[in-house]
Amino acid sequence: MLLRHTPKEVTERTALTINPAKTCQPIGAMYAALGIHGCLPHSHGSQGCCAYHRSTLTRHYKEPISAATSSFTEGSSVFGGQANLLQAISTIFNVYNPEIIAVHTTCLSETIGDDLPQIMKKSIDEGNTPEGKVVIGASTPSYVGSHVTGFSNMVKAMANIAEPTGKKNGKVNIIPGWVEPCDMEEIKRISAMIGVDITLFPDTSGVLNSPLSGEYTMFPKGGTTIAELKGCANAIGTLALGEWCSADAARFLDTKHKVPCSILDMPFGLKATDRFINALRTVGGTTVPEEITDERGQLVDFISDMHQYFYHKKVAIVGDPDQLISMAEFLMSIDMCPVYVITGTPGKRFEKRIKEITKESPFPVNVKAQGDMFLLHQWIKNDPVDLIIGNTYCKYIARDEDIPLIRWGFPILDRQGHQYFPTVGYKGGIRILEKILSSLLDRNDRDAPEEKFELVF
Amino acid sequence: MKAAAVLKERENQIHRKGKEPFSIECNKESLAGAVSQRACVFCGSRVVLYPIADALHLVHGPIGCAVYTWDIRGALSSGPELHRLSFSTDLQEMDVIFGGEKKLYNALVELIDRHSPKAAFVYSTCIVGIIGDDMGAVCNRVSKEKGIPVLPVMSEGFKGNKREGYQAACDAMFKLVGTGDTTAISPYSINILGDFNLAGEIWLIQEYFNKIGIEVVAKITGDGRVDDIRRAHGASLNVVQCSGATMELANMMKRDFGIPSVRVSYFGIEDMADALYDVAEFFKDPVIMDKAKSLVRSEIEKIMPELNKYKAALKGKKAAIYVGGAFKAFSLVKAFRTIGMDVVMVGSQTGTKEDYEELQEITDQGTIIVDDSNPLELSSFLKEKDVDVFVGGVKERPIAYKLGVAFCDHNHERKEMLAGFQGMLNFAKEVYTSVMSPVWKFVPRRIKRESEVGLVERINKGEKP
C-alpha cells in the first residue's frame, strides 16, 4: 500500500509537513486574478512558480491557463526585480494586450524586498502602462498563510481600484470566495431571481469553464470588468462569503468607501444558504420569490426522504477553512458527524468555530488548522470513518483504508464536473447530498452480504 | 502567419526551414513578461531525482515547491514508494527571518528515524538561496549522526531553468557513485541513464537488455535504488537517454571512472533498434549482436501488422511537437514518419543550438522550429499549419483541445508506455485514438475545414461544387 509508510501512532511534529493540505499564496492570487475580465496574471518571481501554478490550475480545470512571469535570474535576485517587472509590464501590454495585469509576488521577490506599489507607480510614470490600462498588485509571500491567503490578498487588491463617484449605484457587491466557476454562476442566478443587481468579484465563470469553440483566446468572455470593479465603491452594500477568502476586501470597501459589509459563511448547505438569501434580500430591499422557496423545499424534501441513511455516519473533511465551516454545519444539520476536520491553512479561529458547530456531535471531534494529510491518515488509522470529503490527494488514504471519497475542494486532478455542477445554494446542496448518498449506498451495495442486498432504498 | 502572435524579441528563436540559411537563438533567458512554458532549476532536479524510490526526498522551502512536485510524474517503483510522499520543511515567516537550519535538522532526523531510508536528498529552493541556510553543513551533520548519505541538491529556482536543475541533480547523485561494492558485476553490464519509468517503461527496456545478455547495474533514475547507484561505477557502459537530464552524470563517471557512454533514445522503431545495436556493438561480441538482431526482428514482426493499420488511417495527417528537451523531439519526428505523418512544427523549452541544427536536418521543408515558445505562438502555428495532432505536456493539452486539435501527452501524464517497440505501437494507437475521435467533428473551425477539403476533392473529381 502506498501509504504503508504512515505509522498509526501520532506524534507532535514541529519541523515538518507531510502530504500537505494546503499550498502557497501565489496560486490563490492567480486563480482570483483569472476572475477579472481581460486579465493576465503575472507572477513576480522565478519561472518555476508560474509554471507550477499554471499546470495545477490546468489540471484542475482542464483549461488553458495563461500567466506571465518576471523570469528571475541570479542577477535579479541580487539586485532586485524592479527591472524585470518594468520590462514585464511593458512586454505584456505590447504583446498580449490585456485590459489589466494582476501582479502577485513570490517568496523570492518578497524576501529580496521588492516594493510592488513603488514599481507599479514607476511603471505608470515611465509610460509602461498605457492609458486606460490597469495594473494591480498583491503581496503574496509563500511563507505566510496558504493559497487561501493569497486568494484573499488578490481580491483585496481588486477592491483597491474601486473609485467612488459620490453617488450610490444601487448594486450589491458579492465576494464569493474561492468557489468554482459554476458556483459563481449559481450565485448570479440566485441574485437575479431575488431581484438584486450585483457585482460579483472575482468571477471565473466563462473563464475557466469556457466552451470549445475551435479558437484559442487568452482572454475568454467571462470575468468581472474593470468598470464593475471601480463601481464597487458606489454599492449599497457588500456580502463577503467566507471570513478567510473574502472578508478583507469587504472590510476595506467598508472602511475606505463606506460600503457597509456583512461577513457570511459560504452558502454551502441549508442553513448557510438561508443566511445568504436572507442577507441578500435585506441589503437589496427585495423579497424572496416563490421559486427560491421551492428550491429550498426540494432540498428539505431530499433530506427527509433519505435521512435514515445519513444518520450518524462519520465523515472526515479536509480542505480550506471557509468551505469546511459550511460543510461541517451542513453535515451536522443532516445528522452526519464530521469527526475529523483538517485544513492546512493556519488559524486558531477555525478550530474554535468547528468546535462550536460540532458541539452537539455524539462523537469526539478532532480538528486541526495547519494540519496535513499525514495526520488525517493517522487519525483514520486509529478510528476509521464512513466517508472522506476532500480534494484529490485524499485518494491515497481512501484507497489504502478502503473508504469512499467525495472529491470536493481544490485541487481535483482526476475527475471532472466540479467546474460545471455548483455546490452552493439549495440546488448545490442537493448535488452534495446526491454525491454523499450515492457514495454510501454504492458502498452498501458492494459490501452487503447477499441476503441483505436490497433493491429499494 | 499572424505577426501579432510572435514577440519581436523572439523572432530569432523561430526558424522556418527552407526560407533562409539555418539560424536560431536558444538557451537564452526567457523575456520577462512572456508567458513562457518553462519551469525552474528546482523542477529540473526534482523530476530527475524523485524516482529513486528508497531515498528520502525532503524539500527545504515554503510549502508550494513540495506540493507542486508531489507524485506528479507517474514514475513507478517495483518496491518502496517513499518517493511518492511529500515532505516539506514548510518554511514560515520566522524561519525566513531567523534561518531554517534548525528546522531542517529536526525534519531530517525525524524522517530518517521513522523511515530508515537508504539516503536522503534535500532540495534547496529560491528562498533558501536567499536567506543563506548552510544546507551542506546540516546535511553533513545528519549524515554523520545517522550513517546514511544526506545529499544537498543545490536547486534554487532562480539560478536558471530545468537544465541547471539536471546539473544539480547529477552533482548530488555523483556523490553516491563509487561508494558501493562492484564485485560480481558482469563485464557485459550497463547503467540505464535518463529513463524515469513512466508507465513502467524502464522495466521493458531492462528486459530487452537482459534478453540480449546484458546486465543492468543501475537504473538512473526510473525505479531507482540508492545501492544500485552506489555501485554504478562497476558497469562497463553508460547508456544515456534524454538530452540534458543525466548526461552530466555520465560525463562525470567518464572523467573519474573511465566509463564510456552512448546516447540513445527508446522512442520509435528506428531509435529503439539503434539503441540495442549501439550497445551490442560496444561489447564487440557477436553473440550479443545476434541476439539483438533477433530481438529487434521478432519485436518488429510482432507490432507491424497492427502498426500498419494505424499508418493507413493516419497517412498524410499533420503533427506538431513541443516538448521539454529537444532530444525527445528527434525520436518523435522519426516516429511520426513511421506512421506516415508529417511533422510541421517542432519545438522545445530548453534545446541547444546543436539540437536545433539536427532538427533542421531531419525535418521537411517549411517545418517551423521554435525555442521556448508561448501559448499564443503555439496556437497560431497550430492553426497556420492546420495540425491534426499536437504532442506536448500538461500546459499544452488544453490549448490543442480548445482549437479542436487532437493531443498526445509525451510527458509526465502519459498513461501507457511509449518507449520500446510495444511503446511505438501504444504511441500510434494513442495518436490514432485522438486524431480519429468523433469529437473534432463538432468543432466549428474543423467543420469548416472538412467542408473545404470536401470541396477540393469534388473539384478534383470533376464534379461541380
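Below, read A as the first sequence line, B as the second, and so on, with proteins coming before strands; counting in each chain starts at 1.
Residue B/Leu104 does not touch chain A at all, counting heavy-atom pairs closer than 4.5 Å. Only the side chain of A/Phe374 comes within less than 4.5 Å of a heavy atom of chain B; its backbone N, CA, C and O stay farther away. Residue contact with chain B, scored on non-hydrogen atoms closer than 4.5 Å, is absent for A/Pro411. In this structure, chain B has a heavy atom under 4.5 Å from the side chain of A/Pro7, while its backbone stays farther away. With a threshold of 4.5 angstrom between heavy atoms, A/Leu40 approaches chain B through side-chain atoms but not through N, CA, C or O. Using a 4.5 Å cut-off between heavy atoms, A/Gln370 contacts chain B through its side chain alone, with no backbone atom that close.
Counting heavy-atom pairs closer than 4.5 Å to chain A, the top residue among B/Glu413, B/Lys162, B/Glu156 is B/Glu413. In terms of heavy-atom pairs under 4.5 angstrom with chain A, the leader among B/Leu382, B/Ile127, B/Thr125, B/Asp95 is B/Ile127. Across A/Ser46, A/Ser210, A/Pro64, the residue that shares the most heavy-atom pairs under 4.5 angstrom with chain B is A/Pro64. Taking B/Asn106, B/Ile130, B/Val41 one by one and counting their heavy-atom pairs under 4.5 Å with chain A, the maximum is reached by B/Ile130. Annotation: maximal heavy-atom pairing with chain B below 4.5 Å, among A/Ser71, A/Cys107, A/Pro20, occurs at A/Pro20. In terms of heavy-atom pairs under 4.5 Å with chain B, the best-connected choice from A/Thr58, A/Leu212, A/Ile27 is A/Leu212. By number of non-hydrogen pairs under 4.5 angstrom with chain B, the leading residue of A/Ser142, A/Pro26, A/Ala67 is A/Ala67. Contacts with chain B were tallied for A/His147, A/Gln47, A/Glu63; A/Gln47 has the most, counting heavy-atom pairs under 4.5 Å. The choice from A/Glu110, A/Met218, A/Arg54 that makes the most heavy-atom pairs within less than 4.5 Å of chain B is A/Arg54.
Using cut-offs of 30° and 60° for the angle between ring planes, the B/Tyr68 and A/His53 rings count as perpendicular. Between A/His418 and A/His60, the ring planes are tilted. Angles from 30° to 60° get that label.
No close placement of the B/His60 and B/Phe42 rings is indicated, their centers lying 6.0 Å or farther apart. Centroid-to-centroid, the aromatic rings of A/His377 and A/Tyr396 stay 6.0 Å apart or farther. Ring centroid separation for the pair B/Trp440 and B/Tyr401 comes in under the 6.0 Å cut-off. Separation of the A/Phe72 and A/His44 ring centroids falls under the 6.0 Å cut-off.
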> Where do A/Gln419 and A/Asn209 land on the side chain to side chain donor-acceptor pair (under 3.5 Å) test, with the steps shown first?
Replying inline: CA-CA 6 Å; A/Gln419 63 276 64; A/Asn209 56 359; over 6 Å; no
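At a cut-off of 3.5 Å, with distance as the only test, no side-chain donor of A/Thr6 or A/Gln378 sits close to an acceptor on the other residue. Side-chain atoms of A/Tyr31 and A/Thr204 form a donor-acceptor pair, as typed in the model, at a separation below 3.5 Å.
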